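Encoded as C-alpha cells, the structure appears first; notes follow it.
Here the structure is a predicted model, which is why all the values come from computation and not from measurement.
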Amino acid sequence: MSAPENSHELASIKDGTRMELPSRKSFFLRVFIVFLSILLALTGLVGCTGDTAVRIGITPQMSTRLIGYMIKELAGRQGIDCEIVEVPGGIYNLQPALESGSLQIGTELAQSAWNSVLNKRSVYRASNLLELQHYYLKHDLQWNPLPMGRDVYTLAIRKDLAMKENIKTISDLIPLSDSLTLGAPTQYFEDADGYPRLSKTYGMSFGTTKNLPTELLAQNLRDRKADVIPIHTLDGLLQRDELVVLRDDLDSCPGSELGIVIDESALLKHIEFADIIDSLARTVDSQSLVFYNRLVVYNHRTEEEAALQFLKAHNLIVEDPADAGKTREELEEKRTEEARSSSDTQSGSDQKKDESTDSSSQSSKSEFSAS
C-alpha cells in the first residue's frame, strides 16, 4: 500500500471512523504496521547502545590538529566524551564527513573552505564570512571563526638560496623563477589562492613543477628536490633554520582565520560547546599557535601535551592553586618560559647526543683506518 493510503487509514482510526478495505488488504496493512514497529524498535535499540562520543576530525595541518585536541580536553572536563578521528586528505575528506554526520566537529581555514567547500574561484576576504557561514547553516553546521588565529598562504625557499640571491619577498623571486622547481600539492595548482594567484598577481612561472603531498613539502625542500614550496604561516615548520618564508609584498592573499565547524545537533545536545568555542575564539592567536606547533614539530611535546599547555597558559584550565590569581599574561609568560626551558634542555640533550654520535663515528673511522 502506498504511503498516502497508510496515512489516511491511520488518521481515520485516530478520528474514530472506519475505512472500508478489503480484508486481504487490511491484513497486509496490519502486517506492515507490525513490521514497521519492530524495525523502529530495533533502530532505537541500536541507537541507544551505539557509540555516543562526539567525534572530532583532525587533518594533517598542525594548527587545526592542536585546536581539535584543545576542544577534546576542554569538553572532557565538562564530562563530554570526545574521540579524535584522523582525516587524511584535508578538507576534501573532512567536509563530507561533517555533512554526513559521521563527524561532529572539525577545524578549517576560511580560505580552504571558501575554495574547496563553496567552490569559489576567488581569494577569500573578511567580507565573505557571512556567506561562508550561511552555506554551512544550510547543511545544519555552524562555522565559528577564531579571529586572532590568522594564517597567510605564501612561499618558502631554502635559507642558502635566500642568502645567496638576497630574496626576502615573492617579487624578489621573479627573476629566478624560470630556473626553479616548485613543489606543491595538486590542489595548489587549482585553487584560487594557489598557483593561479601567483601567475595573475606576480606574472610568475616556474621552470619545473612537481605534485607533492603536503606532509613531504618541507622535506623535499631540504633534500633539494624542490626549490620553492607553498607554506602556511601557522605551520610550525616555517621556524626551522633552513626555511625562509617570503613576504607576500603585493598582498595577493590577505590571509584568513581558522574556524571551528560543529554539527548543530551536537551543539544542542551539549550546549557546553558554545562556551568552549567562545573561549578559544578569545584566546587562540597566531603567534601562540605557532609557538606550540613548534613544540610538536621539534618533538618536545606530543600534540595532546602542547594543547593542554596552551590551555593552562591562557587560564582556560587552572590546576595549580598558585596560578588561580594570575592574569592571562602572567600565566602565558610562565608557561612559555617552562616550554622554552624544556626546549633548550631537549636541544642541549640532542646536541650532546649528536656530538657523541659524531665522536663515535670518528672513532670508528680511526679504528677502520688503523685496521
Side-chain angles (χ1 to χ4, degrees), residues 53-59 61-86 104-107 144-151 232-239 257-262 270-350:
V54 175
R55 294 163 64 84
I56 303 172
I58 58 173
T59 61
Q61 190 174 350
M62 183 59 67
S63 55
T64 64
R65 297 175 70 84
L66 288 186
I67 298 298
Y69 280 105
M70 290 179 199
I71 295 172
K72 181 178 185 294
E73 184 67 38
L74 290 172
R77 291 169 185 263
Q78 296 275 2
I80 304 172
D81 184 24
C82 292
E83 175 188 357
I84 294 292
V85 179
E86 293 280 352
Q104 286 73 54
I105 299 177
T107 306
N144 304 275
L146 304 179
M148 296 186 294
R150 294 193 61 78
D151 174 83
H232 290 277
T233 55
L234 285 179
D235 194 336
L237 286 171
L238 65 85
Q239 299 294 335
E257 68 272 26
L258 286 167
I260 297 173
V261 182
I262 183 168
H270 302 289
I271 194 63
E272 298 89 346
F273 278 122
D275 289 335
I276 290 173
I277 293 172
D278 181 63
S279 65
L280 292 176
R282 288 184 283 105
T283 54
V284 171
D285 63 275
S286 302
Q287 185 175 1
S288 295
L289 204 52
V290 169
F291 175 78
Y292 289 98
N293 284 347
R294 291 183 65 198
L295 293 183
V296 178
V297 170
Y298 283 93
N299 299 317
H300 300 318
R301 294 286 189 277
T302 64
E303 292 170 330
E304 297 93 327
E305 291 169 344
L308 179 60
Q309 188 168 317
F310 177 96
L311 296 174
K312 290 180 178 179
H314 290 76
N315 209 16
L316 298 182
I317 290 178
V318 179
E319 291 182 337
D320 186 350
D323 291 341
K326 292 184 178 180
T327 65
R328 170 188 163 182
E329 288 75 17
E330 291 172 333
L331 283 168
E332 187 165 14
E333 182 179 357
K334 175 184 175 181
R335 303 301 177 193
T336 300
E337 286 302 318
E338 289 176 350
R340 283 175 178 162
S341 176
S342 173
S343 178
D344 292 342
T345 301
Q346 182 67 36
S347 297
S349 175
D350 291 343

Determine, stepwise, if the pair C82 / F273 fulfils side-chain contact (heavy atoms from CB on, under 4.5 Å).
-> CA-CA 11 Å; C82 292; F273 278 122; 4.0 Å; yes

Please test V318 against K312 for side-chain contact (heavy atoms from CB on, under 4.5 Å), starting from the C-alpha separation and ending with a verdict.
-> CA-CA 6 Å; V318 179; K312 290 180 178 179; over 6 Å; no

Would you sort out whether S288 and M148 count as a side-chain contact (heavy atoms from CB on, under 4.5 Å), showing the intermediate values?
-> CA-CA 10 Å; S288 295; M148 296 186 294; over 6 Å; no

Between V54 and D81, is a side-chain contact (heavy atoms from CB on, under 4.5 Å) present by the stated rule, with each step listed?
-> CA-CA 6 Å; V54 175; D81 184 24; over 6 Å; no

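To the nearest 0.5 Å, atom CZ of residue R55 and atom NZ of residue K72 are 13.0 Å apart. With rounding to the nearest 0.5 angstrom, the CG atom of L66 is 12.0 Å from the CG atom of L308. Atoms CG and CG, on L311 and L316 in that order, are 5.5 Å from each other to the nearest 0.5 Å. Taking CD1 of I105 as the reference point, atom CD1 of I56 lies at 4.5 Å (rounded to 0.5 Å). With values rounded to the nearest 0.5 angstrom, I276 atom CD1 is found 11.5 Å from R77 atom CZ.
Shortest non-hydrogen contact noted between P145 and A281 is O-CB, 3.8 Å. Here the closest heavy-atom approach between residue R150 and residue T233 is recorded as O-OG1, 4.4 Å. Between F310 and T283, the shortest heavy-atom contact is CZ-O, 3.8 Å. Closest heavy-atom contact between E73 and I317: CG-CD1, 3.7 Å. Here the closest non-hydrogen pair linking A306 and V296 is CB-CG2, 3.7 Å.
Taking the side chain as every heavy atom from C-beta outward, Q104 and I262 never approach each other to under 4.5 Å. Using a 4.5 Å heavy-atom cutoff, the side chains of S63 and N293 are in contact. With contacts defined as side-chain heavy-atom distances shorter than 4.5 Å, the pair H232/M62 does not qualify. For the pair L74 and I80, the minimum side-chain heavy-atom distance is 4.5 Å or more. Contact annotation: the side chain of D285 approaches that of H314 to within less than 4.5 Å [non-hydrogen atoms, C-beta and beyond]. Contact check for L280 versus M70: side-chain heavy atoms found under the 4.5 Å cut-off. You'll find the side chain of L258 reaches within 4.5 Å of the side chain of L289, heavy atoms only. Using a 4.5 Å cut-off on side-chain heavy atoms (C-beta onward), L295 and Q309 make contact.
By the salt bridge (Lys or Arg N to Asp or Glu O under 4.0 Å) test, D275 pairs with no residue at all, sequence neighbours left out. Not counting sequence neighbours, the partners of E86 by the side chain to side chain contact (heavy atoms under 4.5 Å, CB included) test are I58, R65.
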